[in-house]
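All remarks here apply to the structure that follows.
Counting starts at 1 for both ligands and their atoms, following the listed order.
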Amino acid sequence: MKIKKISVYQKDLPLSEPYWLSGGRLKFEVLDATFVKIETDDGCTGWGEGTPWGHTYVPAHGPGIRAGIQTIAPVLIGADPRQSERIEYVMDKTLPGHPYVKSPIDMACLDIAGQTAGLSLPDLLGGRYETATPVMSSVSSGSPEAMVALIEKYRERGYRGHSAKVGGSDTDLDIQRIRHIEQHRLVDERILYDVNRAWTRREAAIVMNAVADLGVTFEQPCETTNDIKAVRALTTSPISVDETLVSLNDMVRIAHEGIAEVVNIKINRVGGLTKARRIRDVAITHGIQIYVMATGGSVMADTEAAALAQSTPDEFRLGCWACQDMLTVDVAPGTGPRTKNGHLLVPDLPGLGFSPDESLLGDPSAVYRS
Ligand code: MG
């Protein structure tokens, strides 16, 4: 089996409501998505998606994916898409770094590998568990009352996991937000306080120590892993690393140096499922629990993340995300896993299990062929 054609599509995915990251410092309204279709010489087709969360969240952006694929795609023509680690090796040799460029290609190749083997993505990734994964809501930064009101709206839809965005120079306000939200938390709810790098070390120490009695988990409290390591020594609150977990080496360091008790693996950021799976396995080996999420995107990106989650034992799997619920555009209407009662379940279908409606993607922005 050989790759004979790679088609690349650009699609804007508007958010149903503008979204402010922690600290209110970054606003997002539209996501720039890239969809990749890989076709083989024997008639197989696989699909992938790469959708960064805007241009300012982490070093990744939509046009960068398409520019990177322009460099990588010609080298992949003629390769066997089922050999995901050889594909990974060739991509890393052809374009070092730029992991987010490679994830849609990795996803499309695994889609083909799954279809060919008759295995779902969770089975390809080590074996599916039949339990659905809790979906975390994404609660935009606001007043304590507004944040609880937003949590209640998600709660009505069955959500029991919430990622509440805190962080900013007003540490008193953050303490109020956290105490107010925890007062209104249901017994079976899990709330992650996501700082998105917004605190200095001092601000992190003040807030995390002020609410240490609550035992809540904070995600990416500061800009760098070094900052988080310093804060780890100053507080007893559990910590999750998100934005600064990019490579397997990052994961090894976090585990070895005891920097965090939780990690959030974002598939696009780390360069695809092939790399994300290794990161997941190192985390499990060190007793570190995981969230697995898309960086953003359609039902396809959500499914990719939920597939890795669903091949992870329940005791290590804290949650996933459904960015699809925040969009006004659906590229695969009537198909693909959807949030049910606050959970995502990837069905036992070969490969990704569905494909986008091509008529909704428009003409490809680039085609590479043998
Ligand atoms: Mg986060």
Side-chain angles (χ1 to χ4, degrees), residues 15 19-28 31 51-60 99-100 103 133-142 147 150-151 154 159 161-168 174 177-178 181 189-199 203-204 207-208 216-225 227-229 231-232 237-247 250-251 254 259-270 276 279-280 283 288-297 301-302 304-306 308-309 317-326 344:
L15 299 175
Y19 185 93
W20 279 269
L21 211 61
S22 301
R25 69 200 195 283
L26 296 174
K27 184 181 180 185
F28 302 89
L31 306 181
T51 306
W53 187 254
H55 299 179
T56 49
Y57 169 56
V58 293
Y100 71 102
S103 83
T133 303
V135 178
M136 300 295 283
S137 73
S138 194
V139 179
S140 196
S141 223
M147 293 181 78
L150 204 49
I151 287 171
Y154 277 110
Y159 280 75
H162 309 281
S163 175
K165 309 302 172 186
V166 296
D174 274 332
R177 282 172 174 147
I178 294 161
I181 291 170
E189 276 182 323
R190 172 177 294 135
I191 297 176
L192 177 67
Y193 292 92
D194 192 356
V195 190
N196 290 129
R197 325 191 292 274
W199 285 332
E203 288 159 354
V207 179
M208 293 168 78
V216 301
T217 302
F218 290 90
E219 186 160 279
Q220 196 73 33
C222 299
E223 187 72 33
T224 68
T225 303
D227 293 335
I228 295 174
K229 185 179 179 184
V231 167
R232 169 68 296 155
S237 296
I239 294 177
S240 168
V241 172
D242 183 357
E243 285 95 314
T244 54
L245 170 58
V246 180
S247 68
D250 293 331
M251 184 66 243
I254 289 163
I259 293 168
E261 294 69 40
V262 177
V263 289
N264 193 332
I265 304 170
K266 298 263 175 76
I267 309 286
N268 181 248
R269 184 183 66 226
V270 306
I279 291 172
R280 184 270 314 265
I288 292 172
Q289 292 175 299
I290 61 163
Y291 290 96
V292 186
M293 298 185 186
T295 49
D302 289 340
E304 181 188 33
L308 183 62
R317 184 188 353 158
L318 294 177
C320 65
W321 181 39
C323 184
Q324 55 181 292
D325 294 344
M326 298 171 72
L344 265 184

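For the residue pair Thr225/Thr244, the side-chain donor-acceptor check at 3.5 Å is satisfied.
The minimum distance between the Mg ion (ligand 1) and any N, O or S atom of Asp194 involves atom OD2. Between the Mg ion (ligand 1) and the N, O or S atoms of Asp242, the shortest distance is to OD2. Take the N/O/S atoms of Glu219: the one nearest the Mg ion (ligand 1) is OE2.
The Mg ion (ligand 1) does not have Glu243 among its coordinating residues (no N/O/S atom, backbone or side chain, under 2.8 Å).
Atom CD of residue Gln289 and atom CG of residue Leu318 lie 4.5 Å apart, to the nearest 0.5 angstrom.
Taking the six-membered ring where the residue is Trp, Phe218 and Trp199 present tilted rings, their angle falling between 30° and 60°.
Side-chain contact between Tyr291 and Val262 is present, with heavy atoms from C-beta onward closer than 4.5 Å.
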